[in-house]
Amino acid sequence: MTDAGYDEWLDAVGTGDGYYLECPAGHGSLPPRRVCPHCGSADLDRTDLPATGTVETFTICYVGGPDFTDEEPYATAIAAFGDVRLTGVVRGTDPEAVTVGMPVEPATGSNRTTGEDLLVLRPR
Amino acid sequence: MTGVRVAGVGLTHFGRHPERTGRDMFGEAALAAREESGVPPEDIESINYGNFMGTLAERQGHQAPLMAEAAGLQCPATRYEDACASAGVAVREAVRTVRSGEADVVLAGGCERMTNLSTADVTEGLATAADELYEVRAGMTFPGAYALMARAYFERFGGSREDLAHVAVKNHENALPNEYAQFHRAITVDEVLDAPMVSDPVGLLDACPVTDGASAIVLVSDEYAERAGLDAPVSVTGSGQGGDKLALQDREELAVTPATERAAAEAYDDAGCSPGDVDLVEVHDCFTIAEILAIEGLGFYEPGEGIGAARRGETTSTSKLPVNLSGGLKAKGHPVGATGGSQIVEMTRLLRGDHPNSEHVEDATLGVTHNAGGTVASAVVHVLEVDG
């Protein structure tokens with residue numbers, strides 16, 4: 001399946017060229033977007049995604065869906081990157097070692113069950 | 001604008017009934033509501049039907065006309081879908097239709113068949129209520145989503161898994177006399193804490209079960225009730241709905257639920273009441289943390305203050321503000337597309353005095369129901385009042 005807008009964004013994150021969309025009021029959002037979800041502005045510009053984010057919250061998932069049976073147990077975290085947050089699977093560390101406040105960088109990886117690309121957060 | 005009365009209510013048993021079809025369950029609930037109401041079938045002008053994942057569980061789309069057949073009604077029917085708030089919005093739109101004068105009688109409710117699926121397939125099905133691109137592909141399940149919210153809550157306000165365990169203990173206790181409930185088993189705080197972890201910090205006993213069931217309510221105008229001489233002492237006096245960004249990552253904060261705040265403000269204003277007037281409440285406790293977020297969003301506690309409410313005994317059956325006397329989603333069960341309707345059914349019985357837990361709220365006149373979809377990207381609040 002192709003998801004125009006999202007696929008290009010994920011590829012860009014994978015090559016270290018991640019970006020987000022920013023409106024004149026400074027609200028951040030992620031593609032595909034035609035308007036800012038926070039204020040409705042149609043004036044959206046690409047802005048570089050910060051290289052480092054901070055884990056705001058996380059969970060260690062022991063019972064995933066069918067697409068994650070080969071990943072369990074795994075940590076999913078929400079990390080703040082300036083004006084946007086990203087949700088990703090934490091790789092590169094033991095799930096038990098993830099903490100709130102931990103610095104992470106965005107990357108891509110393969111889903112271990114489906115082989116599809118997914119967003120990964122790696123400790124920095 | 002006319003008032004809206006609950007003329008009749010119906011439920012199926014909530015539990016594991018993997019062999020039962022959706023049409024059979026909704027037919028049972030609708031028939032029970034119709035019979036209790038005394039309203040002749042030809043007077044029912046439309047059906048508002050809540051269902052979330054029937055296209056996955058039964059491979060059945062276009063369910064609403066099927067449910068009209070199952071209810072023995074010849075009227076138009078429409079499916080409402082807002083994930084776990086599907087029946088809540090179905091009831092809300094029925095209330096609005098009757099108030100507008102478009103119809104005198106509407107049957108609302110919902111149904112969900114779930115236990116015919118494997119745990120993995122249910123997990124996947126429920127996850128479709130989250131953002132597919134940005135959440136589900138990052139491994140977010142529904143227990144996982146509420147675990148993210150729970151940890152964010154602990155970080156911001158404090159609290160512990162033990163605080164949450166008291167919510168589960170309370171709701172299991174409340175479900176004991178409820179014949180419609182999935183669980184009739186008292187549990188202890190230690191059992192909750194020692195249960196297998198699903199998605200840390202959400203354990204198995206912090207989570208509602210997977211449930212099959214249906215709910216139905218016959219809603220009528222004041223004028224119709226009087227004309228037909230119905231015994232319908234409970235009215236829906238307030239209705240509100242709130243929305244939020246679908247994905248948690250796009251919300252301003254992760255430890256509060258503004259959709260609930262907005263729905264509650266609208267419903268309280270509609271009914272002309274305030275949180276202090278509420279005698280009892282049924283809230284959407286799909287996970288123990290969800291009850292905390294709900295009682296704060298509904299205005300009974302300041303953000304960060306609700307976490308210890310169950311532990312302190314402030315929300316138990318014998319307290320001033322009993323929360324989830326039905327057993328809640330946690331112990332009564334959560335057939336997702338039926339839940340918002342079942343909350344109206346339970347509240348109606350509690351206020352009328354014919355619920356096994358009515359003895360705890362004998363003087364109650366005003367109750368509130370709160371139904372949430374996804375990670376509270378949708379919230380519906382209703383105010384119900386009983387004639388004095």
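Letters A, B, ... mirror the listed sequences (proteins, then strands); counts begin at 1.
Under the 3.5 Å distance criterion, the side-chain polar atoms of A:Thr76 are matched with a main-chain donor or acceptor of B:Ala138.
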- request: Dump the intermediate steps for side chain to side chain donor-acceptor pair (under 3.5 Å) on B:Gln249 and A:Thr87, then the final yes or no.
  value: CA-CA 7 Å; B:Gln249 66 180 25; A:Thr87 308; 2.8 Å; yes
field: Residues A:Leu30, B:Tyr134; criterion side-chain contact (heavy atoms from CB on, under 4.5 Å); working and verdict
entry: CA-CA 9 Å; A:Leu30 297 165; B:Tyr134 283 100; 3.4 Å; yes
- request: I would like to know whether A:Arg85 and B:Leu254 meet side-chain contact (heavy atoms from CB on, under 4.5 Å); could you show each step before the answer?
  value: CA-CA 11 Å; A:Arg85 295 197 198 92; B:Leu254 301 175; 4.0 Å; yes
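In terms of non-hydrogen atom pairs under 4.5 Å with chain A, the most contact-rich of B:Asp131, B:Leu248, B:Thr119, B:Val198 is B:Val198.
Across all non-hydrogen atoms, the minimal contact from B:Arg151 to A:Thr59 is NH2-CA, 4.3 Å. In terms of heavy atoms, B:Asp200 sits closest to A:Tyr62 at CB-CE1, 4.3 Å. Minimum interatomic distance between A:Tyr74 and B:Thr141 (heavy atoms only, all atoms of both residues): OH-CG2, 4.3 Å. Looking at every heavy atom in both residues, A:Phe68 comes nearest to B:Val136 through CE1-O, 3.7 Å. Nearest heavy atoms, B:Asp121 versus A:Pro66: OD1-CG, 3.9 Å. The shortest non-hydrogen separation linking A:His38 to B:Lys245 is ND1-CE, 3.6 Å.
Looking at A:Asp117, A:Asp3, A:Thr114 one by one, the single match for side-chain hydrogen bond (donor to acceptor under 3.5 Å, both in side chains) with B:Arg137 turns out to be A:Asp3.
Neither the backbone nor the side chain of B:Ala127 comes within contact range of chain A; no heavy atom of the residue lies under 4.5 Å from a heavy atom of that chain. If you measure heavy-atom distances from B:Val202 to chain A, you find no contacts under 4.5 Å at all. In this structure, no portion of B:Leu126 lies under 4.5 Å from any heavy atom of chain A. In this structure, the portions of B:Ser199 lying under 4.5 Å from any heavy atom of chain A include both its backbone and its side chain. Heavy-atom distances place both the backbone and the side chain of A:Val89 under 4.5 Å from chain B.
Separating the CZ atom in A:Phe58 from the CD atom in B:Glu155 is a distance of 8.0 Å, to the nearest 0.5 Å. The line from CD of B:Glu135 to CD1 of A:Ile78 is 6.5 Å long, rounded to the nearest 0.5 Å.
At a threshold of 4.0 Å, the pair B:Asp250-A:Arg33 counts as salt-bridged, since one of the basic side-chain nitrogens sits closer than that to a carboxylate oxygen.
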